[in-house]
Amino acid sequence: MPLPSSVKIKKDGVEYLNNVDACKYTITELSRAALRDVGKYVCRQTKNKVKKRTGRLLKNIQYWVRTKQPFPNLQVGFKPGGFYGGFQELGTSRIPKQAALTSSVEQNIDEIQKIEGQYLSAIQDENRAKGLIDEGEYLGTE
């Protein structure tokens with residue numbers, strides 16, 4: 001969806017300019033872009049912590065930026081091909097808990113906040129915000 005244009009309203013000889021839709025769009029798209037970069041970062045950090053046995057689990061760590069909700073949100077996890085990643089993450093009676101995904105997020109909260117801050121501080125400058133927005137599908141492994 002392209003950037004919505006401003007709406008001009010004339011009332012009693014005064015012209016009002018409504019930019020609410022454009023601002024809402026910009027905030028949503030900047031949030032999506034920030035979540036995309038956070039997802040890439042968390043996937044990279046998790047791949048460094050996962051124990052490599054066959055290499056299949058490393059290929060099946062993925063992030064999803066979902067936008068069907070009122071606000072975009074991020075989900076990081078294992079694709080169906082790496083279903084056993086949940087066993088390593090949470091542990092079983094035979095496999096000790098590794099918590100690679102959980103610890104990757106917990107240990108890098110400061111870096112995640114910096115990534116988010118780079119995008120959300122761009123709200124002040126409209127041209128910079130337009131440069132950061134990419135309307136592609138946000139789904140990836142890194």
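On a predicted model such as this, the values are computed, not experimentally measured, just so you know.
Residues Phe78 and Gln62 fail the side-chain proximity criterion, which asks for heavy atoms closer than 4.5 Å. No side-chain heavy atom of Arg32 sits less than 4.5 Å from a side-chain heavy atom of Tyr119. Arg94 has its side chain out of reach of Phe87: every pair of non-hydrogen atoms, C-beta onward, lies at least 4.5 Å apart. A 4.5 Å side-chain heavy-atom check between Arg66 and Pro72 finds every atom pair outside the cut-off. At a threshold of 4.5 Å between non-hydrogen side-chain atoms, the residues Ile61 and Val50 count as touching. By the 4.5 Å heavy-atom criterion applied to side chains, Gln113 and Glu116 are not counted as neighbours. Between Tyr63 and Leu74, the closest side-chain pair of non-hydrogen atoms falls below 4.5 Å. Taking the side chain as every heavy atom from C-beta outward, Glu89 and Lys97 never approach each other to under 4.5 Å.
Here Thr46 contributes atom OG1 and Arg44 contributes atom CZ; the two are 10.5 Å apart, rounded to the nearest 0.5 Å. Distance OG1/Thr102 to CD/Gln107: 10.5 Å, rounded to 0.5 Å. In this structure, CD1 on Ile115 lies 10.5 Å from CG on Leu35, to the nearest 0.5 angstrom. Within the model, atoms NZ of Lys47 and OG of Ser104 stand 12.0 Å from one another, a figure rounded to the nearest 0.5 Å. Taken to the nearest 0.5 Å, the OG1 atom of Thr92 stands 14.0 Å off from the OH atom of Tyr84.
Note: the hydrophobic cluster containing Ile95 also contains Leu57 (ILVMFWY, side chain heavy atoms under 4.5 Å, direct or indirect links).
When each of Val38, Val65, Leu101 is tested with Val76 by the rule side chain to side chain contact (heavy atoms under 4.5 Å, CB included), just one qualifies, namely Leu101.
In summary, the side chains of Lys40 and Gln45 do not present any donor paired with an acceptor at a separation below 3.5 Å, with no hydrogens or angles considered.
Legend: residues meeting side chain to side chain donor-acceptor pair (under 3.5 Å) with Ser31, ordered by chain and number and at least two apart, are absent.
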